[in-house]
Structures are given as C-alpha cells and as structure tokens.
2 protein chains.
Amino acid sequence: MHNDQREVVVKSLSRKTLSKQVEEQVIQLLVSGQLKPGDKLPTEMELLEKLEVSRPVLREALSSLESLGVIKRKTREGTFFSEKISSEPFSVMLALSIGRIKEIIEARMSLELGLVTLAAEKITDQQLELLRENIDKMKTADDSYPSYDREFHQIIALTVNNNVVAGMIDSLLIAFDKMSAEIQIRHPKTTIEHHEAIFSALQKRDPHAAFAAMYQHLDFVRQKILFEGDRLN
Amino acid sequence: MHNDQREVVVKSLSRKTLSKQVEEQVIQLLVSGQLKPGDKLPTEMELLEKLEVSRPVLREALSSLESLGVIKRKTREGTFFSEKISSEPFSVMLALSIGRIKEIIEARMSLELGLVTLAAEKITDQQLELLRENIDKMKTADDSYPSYDREFHQIIALTVNNNVVAGMIDSLLIAFDKMSAEIQIRHPKTTIEHHEAIFSALQKRDPHAAFAAMYQHLDFVRQKILFEGDRLN
DNA sequence: TATTGTTTATTTGTAATACAATTAAATCAT
DNA sequence: ATGATTTAATTGTATTACAAATAAACAATA
C-alpha cells in the first residue's frame, strides 16, 4: 500500500496487517453482494492493482481465505468463492483441543442433541433404512464396531442437511474417535440398545423422544469417558 | 523445496500446494505433542531451514494458520500456538451463508438445544441472576430489545463454557441478527414469555424442561422467519 | 539503588522481480 | 469433424532487500 494522502488514516487504523485488511476486503465482496458463492474473483494481477498491495501480501490473504474454505484457487482457471462451508478448517482448528476429551464430548452433545431433534422432524424412510442397516451390521460386526458407531451419528447429522454444522460435527466425530481410541471404552451392548432407542424415536418422528434417547446415550458416553479420564490421571 | 532424492515422492503426492503441506507440518507439531497450545514456534528463519521452502510459501502457511486462529504472530516476539479455538474464523466462513436464513436458524437450533440442556446441568446462581436481569431489562427497554434477545442466548451459551462451540454460536447469533434485522420480525411479548419459561427450567436445573422450552422458542422463531422469508419471495 | 530514557538487535511485515507449472483455449494437422 | 499440438493466461515458487515494531540490553539521571 503506497504512501499517499490516506497515509495518516491508514496508519492509525492499522494495527491489522495488510494481508488481514485484504482478507476483509475480499470478504466484503460477498457481504456487499457484489459477488456470490461460486463466482469468479478478479485475477491476482487485477486485485494487485485495485488493492495496491504486493503480491506476497495478496497471496497471504488468499491463502488464508482458502484455508477457511471461503475461496478455491485453480491454476490457470482463477479463484472462486466456494458454494458452501467446508469441513477442513474445523478439523485443523480442533488440533488445539487434542487431549481435551471433555471439551470434545460436550461439543458433541451440544450439537447432536439439537441435530437429532431436527432429524426427527424431517428424516426420510430411506434414511431410516440406512440407520436400520447400520444397527444390524453393528450387532454382528463385533470387532470394528467403533466405525459403525460413528457412522450412525453421521447419518443422523447428514439427515439434517445443514452445511453450517455438517463440517463441524464431522470433524468432531473424527476427533472424538481418535482420542477415545486411546482410552478404549467399549460397551457394545449398551450402545446398541441406545441406538435402537434413538432409531425408534426417529421412526416415530418424535423430536422430544429423539432428544431424550440421544441425551441418555451421550450422557452415558460422557460418564464413561470422564470416569476413565480421571482413572488415568 | 529443493530437488533432491525425494523428488519423485514429493511430486507424486503433491497435488497439494507447498504452503498447504507446510500448514500440515506445523499442525503436526501439535498433533504429535512436540508442542502444546501456548508454546512458541520456531522463528520463520528456523522453519525455512527445516522445511526447505521459500519465505513467501512459509508465510502463506502461517498466515492461513493465523486466520484459522491456530497460531498468533507478534512482531519481534515470534509465533505462538493459540490456547483455545477462536471465533473469528467462524464469522468469516459464515459470509458464505449470507441470505440463507433458514440455514442459520437451523444451525442455531442444532447448537442451542444442546447448549441449553448442558446449561441446565451446570448453571450457577450468578449466571441465573444475569438471565433474570436480562429479562427484566428487556421488559422495559422497548426499542432495543433485539440486543437483549441476543444477550440472553449468549449468556446461556457462555454458561456451558465450551471453547469449541463458543466461537461458533457467537458468530451464528451475530449473523442471525444481521439477517433478521432486514426482515424486521418482532414479537416482544412472546419472546419474553419464552425466555421466562427457559429461565424457569434453568432455575430448576431441569435439562429436559430447558430443552423443551428452548425448542418451543426457536421453533416459533423459525416459523416466523421462514414465513416472512416466503412472503418476501 | 532505582528509575527513566535511549539504543540495539531480533523478528515479523512488505515489496519487487523472475521464473516455473498447470492447463483451458486456440490452433493446426489429419 | 476429430484428434494432436501450441499458446498464453493464471496460479505457484523462489530470491532478495528493506521496513516496522518492539523486547531486551544499556546508559543516563535522580
């Protein structure tokens, strides 16, 4: 950003780095409605002229926005706003929560209690069938049951069909699996019973019952996890 | 990254850009446990040597991680892993959901139904007092009641004291306010009644009742919002 | 001694430039 | 018309140099 008549103003506001300011200006293209998700952004060269910053600065900003899943860059094609929120940024952020299993299970509860409620409102017969199959497979597949466990919860999350929370719950379930794998808690019998109860409530399209069943389930998981956590410390 | 004996391997895996690979390697410092939240990272110069990339590439990666709230850079001091997940990345990501009010209200429901349930488990008398005051102020303050409305929900979210969801619900409430401000939906009387019901359930530390009250409240909000949304289209 | 002001040196921040790699689109050959 | 080839536009990477901020070291003063 060259020194010009705005120098004083720019300097006084600029606790922020240039690349941060550029990031905000690009976001502003969305907020102001000048561009929509899916639209092509100006090329780097065009942005350089408009924003009057150096290429490294511009590219730091674009790199940041790409990590946030807001834009997607393709060599030779250009840069585009994404259509929907991505799940990658969440999983990166969750690196900060490694080892804090209580934080993770509570975040899961926060999300899944609401998700199962909304799922009960709108679940389709096909989706119910997926859950049915999942539970049945879990009953037989003795060993690799954790992956079916996760799948069960993922199906419910997908049922709600909400981009904003989809990425987050996915990352959370994966993070939870990684961390709980070390603790090695397995209660197949109880898990299956709980899943059956949740399924039954969803089948009735009963939001309150679905909530109650999920609450009982996750409360059980939380108690086991936290008990083990204490035992290991 | 210089051409050396690993060239073939590097090339074959590298659909990803170098800066993306660097980003992952830095995250790996956390995942592997070599560094913890709050720890200082090596300086840029040290990282340049270890990772064998150019400075712009390294800085693109660090800029990305800073936007994700995973690291924080201070001139002259260095670069540090953050202690906890930040809210900024969420609000940036939500720029993609501008105008999609249904997506936002459903995301709010997903989160807040669970949050109020957990809040009922652990709310303190002081926090109840905050809610009490909030409702009372809302009753008198006729005009600026939307800000009190948001504050009510924020207090509940803060009660749960979970870093992972805190940033998300905050960004969601702000995004919701911005978007619903244009629609101009106001039902002060009903809102206050609902808030009273939620408060009452929280006071009893009754998770199920808290959920039910919040569900009724947000379901009402959703219906009004979606009805107005349809009417305007 | 303690306190304040000054200098220094370290680290991140910004810029300019050059070239590489990718690949959609244009061109050419069959 | 179809397939192969070339071209050119765009993002990706590297190098170098200098600017800005500021913690730490140091000096001056009370």
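So that the names make sense, note that chain A is the first sequence line, chain B the second, and so on, each numbered from 1.
- Residues B/Pro56 and A/Glu60 are not in side-chain contact: their nearest non-hydrogen atoms beyond the backbone lie 4.5 Å or more apart.
- For A/Asp177, the side chain to side chain donor-acceptor pair (under 3.5 Å) partners at least two apart in sequence or on another chain are A/Arg150.
- By the side chain to side chain donor-acceptor pair (under 3.5 Å) test, B/Ser82 is found to be paired with no residue, residues two or more places apart in sequence or in another chain being considered.
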What nitrogen or oxygen pairs link the protein and nucleotides 22-26 of chain D at under 3.5 Å?
unit_1 : atom_1 : unit_2  : atom_2 : d
D/dA23 : N3     : B/Arg76 : NH1    : 3.4

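- The phosphate of C/dT12 has OP1 or OP2 within less than 4.0 Å of a side-chain N or O from B/Thr79.
- Looking at residues 40-50 of chain B, you'll see that no heavy atom sits under 4.0 Å from any atom of DNA chain D.
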Return all side-chain donor-acceptor pairs below 3.5 angstrom for residues 84-92 of chain B, not counting sequence neighbours, or 'none' if the list is empty.
unit_1  : atom_1 : unit_2  : atom_2 : d
B/Ser86 : OG     : B/Glu88 : N      : 3.1
B/Ser91 : OG     : B/Glu88 : O      : 2.7

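- Within the 4.5 Å cutoff, side-chain heavy atoms of A/Val165 are placed close to those of B/Met168.
- Using a cutoff of 4.0 Å between basic side-chain nitrogens and carboxylate oxygens, B/Glu129 and B/Arg132 are not scored as salt-bridged.
- With distances taken from any side-chain atom of B/Val57 to the nucleotides C/dT14, D/dA14, D/dG12, the minimum falls on D/dA14.
- Taking a 4.0 Å limit (strictly below) on heavy-atom distances, residues 61-72 of chain A does not reach DNA chain D anywhere.
- Atom CG of residue A/Leu51 and atom CG of residue A/Leu58 lie 6.5 Å apart, to the nearest 0.5 angstrom.
- To the nearest 0.5 angstrom, A/Leu35 atom CG is 5.0 Å from A/Leu29 atom CG.
- Taking CD1 of B/Ile101 as the reference point, atom CZ of B/Phe176 lies at 5.0 Å (rounded to 0.5 Å).
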